[in-house]
Amino acid sequence: MTTPYSFEHDAFASSLHERFAHLGDGAESGTTVKVAGRVMLLRTQGKLAFATMRDSSGEIQLFALSAVTTEFEDFVKLHLGDWVGVEGEVVRTRRGELSVKVGSWQLLAEAKLNFGDKWAGISDHELRYRHREADLWANPESRLALTRRSELVRSMRQRLWERSFTEVETPILNGIPSGAAARPFVTHHNALDAEFFLRIAPELWLKRLVVGGFERVFEIGRLFRNEGISPRHNPEFTTLELYAAYWDFNDMMALTEELVADIARDVLGTTEVSYQGRPFSFAAPWPRLSMSEITSEKIGEEVSVHTPESRLHALLAERGIALHDSWGPGRCLSELFEATCEADLWNPIFITEHPVEISPLARRHRRDALLTERFEAFAVGRELANGFSELNDPDEQRARFEEQARLAAAGDDEAMTIDHDFIKALEWGLPPTAGLGIGIDRLAMLIADVANIREVIAFPTLKPLRDA
RNA sequence: GCGCCUCUAGCUCAACGGCAGAGCAAUGGACUCUUAAUCCACAGGUUUCGGGUUCGAAUCCCGAGGGGCGCACCA
């Protein structure tokens, strides 16, 4: 069967429900519209037929009558899932359902596969993720989650543009993986006969743009980390990273909480929501506690990077955490925090003043040289954002990289690689600058109220099927 | 990478050591206001794959593969 190359439609389901809300039962509007979408349900009744048609906006009933509808015999043979274009009058049936009384209609495309049980939909996770196109039609909440994500990103861009940030794009193929501590994916460029790494963070490139004079830049883009997959981890994921010249980490925390609360209001209309059945608030300001403060409070004794290492080791041992040779007091404190506090941080909170030992790109704290002016925002027990006053001293950055190289030599396969081009950039002068990173997928999970990161990724990474 | 759970018709699920079933979808038919329409009829399967135990395996055991959850890694 030949189907048309185009169909000119002039109405959406949801707009019809708005425009004709006051049309009485059994009344005819006198208005003819053209709508298009997929047949989701079909009820035939002799010389009448009722179809529920869904488009991107919602659903509208199609009311076909043998006396009115062209090719009525074919209409009643439509399959669930078929795409149709319909021209007809807007009416409300005697039973009160707003409908398009089908005059002429066209089959736009046939669905040769069905979309699952018309009541239960598709619940098999594997089928849903491998064939999201079917999931999206069978399960409206799947489409809603991806729509929320789209609205989130749109809001984020608008809110950053409003604040004079410039959106940029930086390389995904990198000669060295830099800007974070993570295992990279490796690929190969044939013509250059060179090894490339998919980026694990855009951080160093973005700071080079600040050196170049972009005082406020941001990038929303895909990162790739060669790590385990879990309900909260996809190997490719999306982050916002931004940098603002002349700001410090306090300024950046203020932006973070405002930005996220604004996004919640833009997308959901409120900052007060629930996540997985539990109340949750995006409202700013968010509490601020240093890593040392919250950990001390939690374990009931004062701990910090100045605590004797023997005591830190004992506290770790009490909690069954295996100590690694390379861990100094900073790493020990961080491990203690993660083990005792992180999972309980439900509403957004800033944890600040991370040890310099675990923050090779952050500037030393102005009041304590063992700490940095860094913050992480946590929500629902997970890290939501990370930011700091940027280290802008090239000599110290070189020394920090060299320390990372020592860790790598000692067997830490996630220690940062030394980036000489970045050090050179700092030698041209990076003004005082603060940076921020927010995991878009993680934030989308909160906004969409879903438990698995795959729900907010259209096509999440799955193990390829292979022949036995 | 490790542990636990899981895989039955296109979809949602039964059967849990004794003939592999239902609803929906599909197919044929009835029906002029349906709402997961209803009714009648018909069809649909190497029970993910490969071994094993047994008189007999969807069911028990071993292995492989996919998926879910937890741990590890991490955001």
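So you know, we letter chains A, B, ... as the sequences are listed, proteins then strands, and number each from 1.
For CD of E169(A), the number of neighbouring non-hydrogen atoms (other residues, nucleotides, ligands) closer than 6.0 Å is 12 at most.
The ring pair (Phe, Tyr, Trp, His ring centres under 6.0 Å) analysis of residues 22-61 of chain A, with sequence neighbours excluded, yields the pairs F50(A)-F63(A). For residues 439-463 of chain A, there are no ring pair (Phe, Tyr, Trp, His ring centres under 6.0 Å) pairs, not counting sequence neighbours. Each side-chain hydrogen bond (donor to acceptor under 3.5 Å, both in side chains) pair with one or both residues in residues 346-356 of chain A, not counting sequence neighbours, appears once here: E353(A)-H365(A), H354(A)-E376(A).
If you take atom C1' in rG63(B) and the same atom in rG28(B), they sit 46 Å apart, rounded to whole Å. Separating the P atom of rG18(B) from that of rC60(B) is a span of 11 Å, rounded to the nearest Å. Of the P atoms belonging to rU54(B) and rA43(B), the separation is 38 Å, rounded to the nearest Å. Going from the P atom of rU32(B) to that of rG68(B) covers 49 Å, rounded to whole Å. Going from the P atom of rC55(B) to that of rA22(B) covers 32 Å, rounded to whole Å. Taking the P atom of each, rA64(B) and rG21(B) are spaced 33 Å apart, rounded to whole Å. Atom C1' of rU6(B) sits at a distance of 14 Å from the matching atom of rA58(B), rounded to the whole Å. Comparing the same atom, P, in rG67(B) and in rU8(B) gives a spacing of 15 Å after rounding to whole Å.
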(message) Across nucleotides 38-46 of chain B, 5' to 3', mark each nucleotide with B, S or - according to how protein heavy atoms within less than 4.0 Å reach it.
(response) ---------
(request) Indicate for each nucleotide in nucleotides 1-12 of chain B, in 5' to 3' sequence, whether protein heavy atoms under 4.0 Å reach the base (B), only the sugar-phosphate (S), or nothing (-). (result) ---------BBS
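Separating the CE atom of M40(A) from the C1' atom of rA25(B) is a distance of 13 Å, rounded to the nearest angstrom. For the pair Q45(A) CD and rA30(B) C1', the computed distance is 11 Å after rounding to whole Å. Taking atom CH2 of W119(A) as the reference point, atom C1' of rA37(B) lies 13 Å away to the nearest angstrom. Counting to the nearest Å, the P atom of rC33(B) and the CG atom of D25(A) are 15 Å from each other. Protein atom CG of L446(A) is 13 Å distant from nucleotide atom C1' of rA75(B), rounded to whole Å. Between R382(A) atom CZ and rA75(B) atom P there is a gap of 15 Å when expressed in whole angstrom units. Going from atom CD of E338(A) over to atom C1' of rA72(B) covers 13 Å, rounded to whole Å. Between the CD atom of Q61(A) and the P atom of rA36(B) there is a distance of 11 Å, given to the nearest Å.
With sequence neighbours excluded, the residues that form a side-chain hydrogen bond (donor to acceptor under 3.5 Å, both in side chains) with R331(A) are E335(A). In this view, F197(A) satisfies the ring-ring contact (aromatic ring centres under 6.0 Å, His included) rule with no residue, not counting sequence neighbours. Residues satisfying the salt bridge (Lys or Arg N to Asp or Glu O under 4.0 Å) criterion with K101(A), sequence neighbours excluded, are E28(A). A search for ring-ring contact (aromatic ring centres under 6.0 Å, His included) contacts involving H79(A) returns nothing, not counting sequence neighbours.
In summary, R363(A) and E390(A) do not engage in a salt bridge, as defined by a charged side-chain N under 4.0 Å from a carboxylate O. For the pair R232(A) and E383(A), the salt-bridge criterion is not met [side-chain N within less than 4.0 Å of a carboxylate O].
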(message) Taking Watson-Crick (N1-N3 plus N6-O4 or O6-N4) and G-U wobble (N1-O2, O6-N3), each under 3.5 Å, can you produce the dot-bracket string of RNA chain B? Use [ ] for crossing pairs and | for inter-strand ones.
(response) (((((((..((((....[..))))..((((.......))))......(((((..]....))))))))))))....
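Judged by closest nucleotide on RNA chain B, R94(A) is the one of E342(A) and R94(A) placed further toward the 5' end. Toward the 5′ end of RNA chain B lies the nearest nucleotide of P464(A), the other residue of the pair P464(A) and T239(A) mapping further downstream.
Near-neighbour residues of RNA chain B inside residues 66-85 of chain A, defined by a heavy atom below 4.0 Å, number-ordered: H79(A), L80(A).
Panel note: side chain S29(A), backbone V90(A); a donor-acceptor pair is recorded below 3.5 Å.
Contact of E97(A) with rU35(B) (side chain to base): a donor-acceptor pair of N or O atoms is detected under 3.5 Å.
In this structure, the nucleotide among rA72(B), rC33(B), rG67(B) sitting nearest to the side chain of S230(A) is rA72(B).
Under the 6.0 Å distance and 45° angle rule, R143(A) counts as a cation-pi partner of W137(A).
Note: I200(A) CD1 to L223(A) CG = 8.0 Å, rounded to the nearest 0.5 Å. Expressed to the nearest 0.5 Å, how far CZ of R159(A) lies from CD1 of I263(A) amounts to 8.5 Å.
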Can I get a per-line list of side-chain donor-acceptor pairs under 3.5 Å for residues 116-125 of chain A, giving both atom names and the distance, sequence neighbours left out?
| from | atom 1 | to | atom 2 | distance (Å) |
| --- | --- | --- | --- | --- |
| D117(A) | OD1 | W119(A) | N | 2.9 |
| D117(A) | OD1 | A120(A) | N | 2.9 |
| D124(A) | OD2 | L127(A) | N | 2.9 |

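You cannot call F50(A) stacked on the base of rA37(B); the centres under 5.5 Å and planes under 30° rule is not satisfied.
Within the 4.0 Å cut-off from OP1 or OP2 of rC33(B), not a single side-chain nitrogen or oxygen of R92(A) is found. OP1 or OP2 of rC73(B) has not a single side-chain nitrogen or oxygen of R225(A) nearer than 4.0 Å.
Looking at heavy-atom distances under 4.0 Å, L223(A) makes no contact with the nucleic acid at all. Looking at heavy-atom distances under 4.0 Å, N452(A) makes contact with sugar-phosphate atoms alone, never a base.
Residues F378(A) and F337(A) place their aromatic rings such that the two centres sit under 6.0 Å apart.
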